[in-house]
Trainee: 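Take a look at the following structure, please.
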Number of protein chains: 2
Amino acid sequence: MVRQPAINAQNRTPLSIERIIEAALQIVDGQGLGRLTMRRLGDALEVEAMAIYHHLPRGKEQLLDGLVTHVAAAPADAHGYAGWRDALRGWARAYRDRLLAHAGVLPLLVTRRNPAALATTTASLREILRQGGVPEAGAAVAAHSLLSYVIGHAALEVRGTGPGAAGAAAAAGEPEGPVDWEARFLAGLDLMLSGLT
Amino acid sequence: MVRQPAINAQNRTPLSIERIIEAALQIVDGQGLGRLTMRRLGDALEVEAMAIYHHLPRGKEQLLDGLVTHVAAAPADAHGYAGWRDALRGWARAYRDRLLAHAGVLPLLVTRRNPAALATTTASLREILRQGGVPEAGAAVAAHSLLSYVIGHAALEVRGTGPGAAGAAAAAGEPEGPVDWEARFLAGLDLMLSGLT
DNA sequence: ACCTGAACACCGTTCAAGT
DNA sequence: ACCTGAACACCGTTCAAGT
């Protein structure tokens, strides 16, 4: 008979960076960035908080870097699209969904941390533009512009859809009614893509 | 002879919300958001930290809201520009400068806090577009798109110009050399403005 | 190798007290 | 009205110790 894993002591699956990041993302998505605490994260992993430092020696800094990379590193892929314009549009929609699904990470994406997290994403955008015939210099500009627009729009949307945001906006003399954010995003996206010759 | 203000006891000018916000902004700009502490802010104002709560009953939350409003509420003004396109371009340049000068506040601008802080800014953009002959619905889209682009680009720029960012990007296989952020910003801006009929 | 316990230097905030 | 001092419940992190 095969040895069963011991029931006593440490039979639970050991910690790993992946499990830690996953648990942290769940806390941020569910309770907000402000409630992500090493101690709370330890609780979620059924471990003492200090055990986390064994896997992330740089501590919380490294944890937040991991969250940003996990959310932001999503390269564009032209496969299955009719043309490069469609490919960029498809990527932009998917990337926006991703950012909104993890809105709590958005402030971290804006901070100076983890400068390389967006490198693969921007490189993939430039590549699609280059293959579409956009000259090198223009492709770099367009890739950054597109990414700026998507990130910025997600930021405005998160701000504008917070609890009580509509009421506060109305109180501030904001004349607009409720905003259809997706429609507005797509309209602005086409406005931007149409600028690319 | 006129009574001199007493030298003893409390002759220092009393606290005010303006002085508090100003001191806080100076700490954030000089040392980063992470070092903005009620106790440190108290030190800068030569006051015990707890005195701040007398002027900001909602505490640090209210302080951060104040910072966001102070930095982000900068309406566009068409006066002195040849046309609405020039006015928008001029506003975008000035707004980018403002965001970069207070880069530490950028993460706060992205968070859900203070939903009304951008209302006057977007309203002024819509107004310029409306007066330029852009129809109502298109003006709302264009105003949001423009603001998204400027905020998003500033975010990418702050990320990309942090200490050691170039080295980290190169290590991640980023093929680009040093980026001329201003030139890239202006090129993308024209790309976006040209999309507005 | 992997985790725990106790400890340290900080936080934001409350509350009673001073002037 | 405006500020202080002491206290409370939290933080992130170090470090020696356990298994």
Side-chain angles (χ1 to χ4, degrees), chain A residues 3 5-25 27-28 31-68 104-105 107-108 111-114, chain B residues 3 5-25 27-28 31-68 104-105 107-108 111-114:
Chain A
R3 265 274 236 101
I7 312 189
N8 65 343
Q10 270 70 328
N11 62 333
R12 43 198 176 152
T13 59
L15 241 41
S16 70
I17 296 194
E18 289 74 26
R19 276 187 60 218
I20 294 173
I21 299 281
E22 208 164 327
L25 197 57
I27 292 176
V28 172
Q31 313 184 43
L33 185 60
R35 290 187 59 81
L36 176 60
T37 278
M38 298 304 270
R39 285 169 166 91
R40 238 190 297 267
L41 183 55
D43 280 355
L45 293 163
E46 294 184 310
V47 109
E48 221 58 33
M50 295 71 201
I52 299 170
Y53 288 84
H54 200 267
H55 301 263
L56 300 177
R58 266 179 45 244
K60 196 172 189 184
E61 211 66 2
Q62 193 174 356
L63 175 66
L64 299 182
D65 282 357
L67 286 180
V68 171
V105 180
L108 298 179
T111 323
R112 152 177 3 257
R113 50 184 86 269
N114 211 353
Chain B
R3 257 282 231 93
I7 314 185
N8 66 342
Q10 271 70 330
N11 62 335
R12 43 196 176 153
T13 59
L15 242 42
S16 68
I17 295 193
E18 289 73 28
R19 277 188 58 218
I20 294 174
I21 298 280
E22 209 164 324
L25 197 57
I27 292 176
V28 172
Q31 316 184 41
L33 185 60
R35 290 187 59 82
L36 176 59
T37 277
M38 297 305 270
R39 284 170 166 90
R40 238 188 299 262
L41 183 55
D43 281 355
L45 292 163
E46 293 183 311
V47 109
E48 222 57 35
M50 295 71 199
I52 299 170
Y53 288 85
H54 200 266
H55 301 264
L56 300 176
R58 267 178 45 242
K60 196 170 190 185
E61 209 67 3
Q62 192 175 356
L63 175 66
L64 299 181
D65 282 357
L67 287 179
V68 171
V105 180
L108 298 179
T111 322
R112 153 177 2 259
R113 50 184 86 268
N114 212 354

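Per chain, numbering begins at 1; letters A, B, ... match sequence-line order.
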Trainee: Of the nucleotides C/dT14, D/dG5, D/dG12, which one has an atom closest to the side chain of B/Glu48?
Mentor: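 Closest of the options to the side chain of B/Glu48: D/dG5.
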Trainee: If you measure from CG on B/Asp65 to CG on B/Leu56, what distance do you get to the nearest 0.5 Å?
Mentor: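 Nearest 0.5 Å value for the CG-CG distance: 10.0 Å.
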Trainee: Output the rounded distance in Å from CZ (B/Arg35) to P (C/dG12).
Mentor: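 Atom CZ in B/Arg35 sits about 12 Å away from atom P in C/dG12.
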Trainee: Rounded to whole Å, please give me the gap between CE in A/Met50 and C1' in C/dA1.
Mentor: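 It works out to 19 Å between those atoms.
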Trainee: Once you round it to whole Å, what is the distance between P of C/dC8 and CE of A/Met38?
Mentor: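 Those two atoms, CE and P, are 21 Å apart.
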Trainee: Roughly how far apart are A/Ile21 CD1 and A/Leu64 CG, rounded to 0.5 Å?
Mentor: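 Reported to 0.5 Å precision, the distance equals 9.0 Å.
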Trainee: Whole angstrom is fine here: how far is it from CG in B/Leu56 over to P in C/dG12?
Mentor: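 Between P of C/dG12 and CG of B/Leu56: 13 Å.
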Trainee: C/dC8 pairs with which nucleotide, Watson-Crick or G-U wobble, both distances below 3.5 Å?
Mentor: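 In the structure as shown, C/dC8 has D/dG12 as its Watson-Crick or wobble partner.
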Trainee: From A/Asp43 CG over to A/Glu48 CD, what is the distance, rounded to the nearest 0.5 angstrom?
Mentor: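 Result: 8.0 Å between the selected atoms.
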Trainee: For C/dC3, which nucleotide in any strand shown is its Watson-Crick or wobble partner with both distances under 3.5 Å?
Mentor: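 Base-paired to nothing in any strand shown.
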Trainee: Working to the nearest 0.5 angstrom, can you tell me the gap between B/Ile52 CD1 and B/Lys60 NZ?
Mentor: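 Between B/Ile52 CD1 and B/Lys60 NZ, I get 10.5 Å after rounding to 0.5 Å.
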Trainee: Which nucleotide, D/dT13, D/dA7, C/dC3, lies nearest any side-chain atom of A/Val47?
Mentor: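 Taking heavy atoms from C-beta onward, the closest nucleotide is C/dC3.
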Trainee: Please give, in whole Å, the distance from C/dA6 P to A/Tyr53 OH?
Mentor: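 Taking OH of A/Tyr53 and P of C/dA6, I get 18 Å after rounding.
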Trainee: For B/Lys60 and C/dC10, give me the distance from atom NZ to atom P, rounded to whole Å.
Mentor: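 So the two atoms are 15 Å apart, to the nearest Å.
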Trainee: Has A/Arg40 got a side-chain N or O lying under 4.0 Å from the OP1 or OP2 atom of D/dC10?
Mentor: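 For D/dC10, OP1/OP2 do not have a side-chain N/O of A/Arg40 under 4.0 Å.
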Trainee: Identify the heavy atoms of A/Ile20 and A/His55 that sit nearest to each other, and give their distance.
Mentor: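 Answer, listing the atom of A/Ile20 first, then A/His55: CD1-CB, 3.8 Å.
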Trainee: Given C/dC3, D/dC11, D/dA1, identify the nucleotide with an atom nearest to the side chain of B/His54.
Mentor: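 Between C/dC3, D/dC11, D/dA1, the one nearest the side chain of B/His54 would be D/dA1.
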Trainee: CZ of B/Arg39 versus P of C/dT14: gap in Å, rounded?
Mentor: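 Rounded to whole Å, this separation is 13 Å.
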Trainee: Find which nucleotide of DNA chain C each of A/Ile52 and B/Glu61 is nearest to by heavy atoms, and output the residue with the more 5' nucleotide.
Mentor: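 This one resolves to A/Ile52.
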Trainee: Report yes if at least one side-chain N or O of A/His55 is closer than 4.0 Å to OP1 or OP2 of C/dC3; otherwise report no.
Mentor: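 Indeed, a polar side-chain atom of A/His55 lies that close.
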Trainee: Without decimals, in angstroms, what is the distance between B/Leu45 CG and D/dC2 P?
Mentor: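 Result: 15 Å.
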Trainee: Identify whether any heavy atom of B/Leu36 sits under 4.0 Å from a base atom; if not, whether one sits that close to sugar-phosphate; answer base, sugar-phosphate or nothing.
Mentor: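 Sugar-phosphate contact only - B/Leu36 comes under 4.0 Å of backbone atoms but never of a base.
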